[in-house]
Amino acid sequence: MGKYTREEILRMAEDEDVEFIRLQFTDMFGILKNIAITFRELPRALNNRCVVDGAYIAGVGNGVEAEVYLYPDLDTFEILPWRPQQGKVARMLCDIYHSDGTPCESSPRYILKRMVKKAREQGYTFYFKPECEFFLFHTDDNGLPTTVTHEQAGYLDTSPLDLGENARRDMVLTLEDMGFEIVSSHHETAPAQHEIDFCQGEAQEIADGIMTFKVAVRTVAKRHGLHATFMPKPKPDVNGSGMHIKMSIFKNGKNILADQKDSMGLSEEGYSFVAGLLSHSREMTAITNPLVNSYKRLVPGYEAPTEIIWSRNAPDALLRVPSYKSGEHTQVELRSPDGAANPYLLFACCIAAGLEGIEKKLTPSQYCSEKALSQITEEERKEMKIDSLPCDLKDAIAVMEQSAFMEEVLGTEFFHQYIAARKKEWEEYSKQVTQWELDKYLLGV
């Protein structure tokens, strides 16, 4: 992303023959919304005069004020590389404001900005590096997505096993055209599952980047006749898709998590950061794993965390301090989030939990193991008093609803709206009769 002035954006749009501009923002659930304007209307948009009906935007409408204003973030101006060369399309990400000029405090982007500001006031800058997994499936004759794939590739396989290799390469090239610094891309463990990783950055930059990343990946996939989905668990009996988050904290130009003399490579602040994340991990689960489907991924046997343990290298630990990262590169990795998580809310919760751990000088009481969870016996678990993550969305919402910490992070209005929305989803799910139930019970009961 560049650093642009209003005049530079107007000049670039004219010089590059930009005909449409998409003003984009994210709702409560991490779904990207937008309104498209023509070049003629761009000056009005840059004067923060574009209005949308907040009553139809999850987490924004409050039942009192219908109209809200979009304030474009000038630094997010980007010409979309997959659109025509004549009459190009650009986009800007926007903040949401009320008519009186005050920010909408229940906007996810504002919630993250508020937490980033709190960290900066204490001298901290948080850096995030996501690892984004997704599936590429075929579409049917009507162009609708299926869960069908003809490939049987596994971890790090190449063509001819990896039938998505060409699409993934085009995704990387498209993302680089948009300013992303791609670290690597590869086929993941399950057939048709892929991962693309990009460089770390500050919280808001990376949250914005995740939203843009999803659009680019889906767009390129469609051009290849495929559907890209970030659904946590689209197929049974294979690994689901996560969005592991690596984090580091800098103060006065130094990574404060690191201490190379320590056996874990962590400083006192590093241990406290880990402790803060562990202590609030159950309360955060409705944010890190927001869907009914998210909990189909969080089951034993598929390298997704189910228990609140931390480790250097155990593959199914909730938190890891990777042994190959040390010194200024020391990171803490949170492995529970999935691709359905709203990145603004996810990062806000991680910052808040980490700050609390550092402020209170907490020490991690949860078990630290180099064993995989599957190697820990039931007796050992009881003896170590290992806590579990919520087992489904209903459980996660119940834990979150009792959390003063989460209400403070999200703001009271958003907190209650989010809980109500997720309760509604659970209620809708509970009324469904699935194919599994029909296969299991229809003939024999």
Side-chain angles (χ1 to χ4, degrees), residues 29-30 128-137 147 153-156 164 168 171 182-198 200 206-207 209-211 213-214 217-218 228-247 277-278 281-282 284-311 313-322 325 331-347 349-350 353 372-374 388-393 396:
F29 306 122
F128 292 82
K129 182 182 181 298
E131 297 178 351
C132 301
E133 297 175 346
F134 55 93
F135 281 87
L136 291 177
F137 292 127
T147 57
Y155 186 61
L156 301 185
R168 195 173 66 243
M171 291 168 187
I182 302 301
V183 175
S184 64
S185 65
H186 61 269
H187 196 285
E188 257 297 338
T189 307
Q193 188 183 37
H194 304 264
E195 178 176 315
I196 298 176
D197 303 334
F198 47 94
Q200 75 171 13
I206 298 301
I210 290 171
M211 299 307 301
F213 172 87
K214 289 183 175 182
V217 166
R218 291 190 183 112
T229 179
F230 295 87
M231 181 179 176
K233 187 83 167 184
K235 300 195 77 168
D237 303 322
V238 297
N239 284 13
S241 289
M243 186 172 66
H244 304 157
I245 301 295
K246 290 186 169 75
M247 295 167 277
L277 288 169
L278 291 172
S281 56
R282 281 177 53 81
M284 290 166 47
T285 305
I287 297 295
T288 59
N289 308 94
L291 305 182
V292 164
N293 180 257
S294 296
Y295 299 85
K296 307 295 176 70
R297 169 180 166 258
L298 298 181
V299 293
Y302 295 96
E303 295 187 3
T306 57
E307 317 297 316
I308 303 174
I309 62 174
W310 67 292
S311 172
N313 298 304
D316 49 7
L318 174 64
L319 279 177
R320 291 202 313 170
V321 184
K325 297 285 188 180
Q331 296 174 328
V332 172
E333 180 184 25
L334 181 64
R335 297 177 58 81
S336 58
D338 59 51
N342 184 324
Y344 300 102
L345 305 181
L346 170 60
F347 292 176
C349 290
C350 288
L373 188 63
S374 59
S388 299
L389 292 175
C391 62
D392 56 35
L393 183 60

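- Here Asn289 contributes atom CG and Arg297 contributes atom CZ; the two are 6.5 Å apart, rounded to the nearest 0.5 Å.
- In this structure, the side chains of Phe135 and Ser241 come closer than 4.5 Å at one or more pairs of heavy atoms.
- The shortest side-chain heavy-atom distance between Ser184 and Glu195 does not fall under the 4.5 Å cut-off.
- For the side-chain contact (heavy atoms from CB on, under 4.5 Å) with Ser336, the qualifying choice from Thr288, Ile308, Leu319 is Thr288, the only one to do so.
- Between Glu188 and His186 there is a side-chain heavy-atom pair separated by less than 4.5 Å.
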side-chain contact (heavy atoms from CB on, under 4.5 Å) between Ser294 and Leu393: does it pass, once the steps are laid out? CA-CA 8 Å; Ser294 296; Leu393 183 60; over 6 Å; no
Can Ile196 and His194 be said to form a side-chain contact (heavy atoms from CB on, under 4.5 Å), step by step? CA-CA 7 Å; Ile196 298 176; His194 304 264; 5.9 Å; no
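- Taking the six-membered ring where the residue is Trp, Phe134 and Phe230 present tilted rings, their angle falling between 30° and 60°.
- Ring-plane geometry between Phe213 and Phe198 is classed as tilted, the angle between the planes lying from 30 to 60 degrees on a 0 to 90 degree scale.
- A 4.5 Å side-chain heavy-atom check between Asn239 and Glu133 finds every atom pair outside the cut-off.
- Using a distance-only test at 3.5 Å, with no hydrogens or angles considered, no donor-acceptor pair links the side chain of Lys296 to the main chain of Gly240.
- In terms of heavy-atom proximity, Glu307 sits nearest to Ser388 at OE1-OG, 2.6 Å.
- Listed here is the closest heavy atom pair of Pro305 and Leu318: CB-CA, 3.7 Å.
- At least one side-chain heavy atom of Asn293 sits less than 4.5 Å from a side-chain heavy atom of Met231.
- Here the side chains of Ile206 and Pro130 are in contact, with some heavy-atom distance below 4.5 Å.
- Contact detail for Asp197 and Cys132: the closest heavy-atom pair is OD1-N, 3.9 Å.
- Atom CZ of Arg168 is separated from atom CG of Leu136 by 8.5 Å, given to the nearest 0.5 angstrom.
- Considering every non-hydrogen atom in both Pro232 and Leu291, the closest pair reads CD-CD1, 4.1 Å.
- Phe128 has its side chain out of reach of Leu334: every pair of non-hydrogen atoms, C-beta onward, lies at least 4.5 Å apart.
- Note that the OG1 atom of Thr306 and the CG atom of Leu298 stand 8.0 Å from one another [nearest 0.5 Å].
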Would you check, one step at a time, whether the test side-chain contact (heavy atoms from CB on, under 4.5 Å) holds for Lys246 with Gln200? CA-CA 8 Å; Lys246 290 186 169 75; Gln200 75 171 13; over 6 Å; no
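- With values rounded to the nearest 0.5 angstrom, Leu389 atom CG is found 10.0 Å from Ile309 atom CD1.
- Here the closest non-hydrogen pair linking Asn342 and Gly30 is ND2-N, 3.2 Å.
- Nearest heavy-atom pair, Glu333 versus Pro322, reported as atom, atom and distance to 0.1 Å: OE1-CG, 4.3 Å.
- Between Arg320 and His244 there is no side-chain heavy-atom pair separated by less than 4.5 Å.
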Show your reasoning for whether side-chain contact (heavy atoms from CB on, under 4.5 Å) applies to Met171 and Ser185. CA-CA 10 Å; Met171 291 168 187; Ser185 65; over 6 Å; no
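- Distance OG1/Thr229 to CD/Gln193: 11.0 Å, rounded to 0.5 Å.
- The structure places OG1 of Thr189 at 12.5 Å from OH of Tyr302, a figure rounded to the nearest 0.5 Å.
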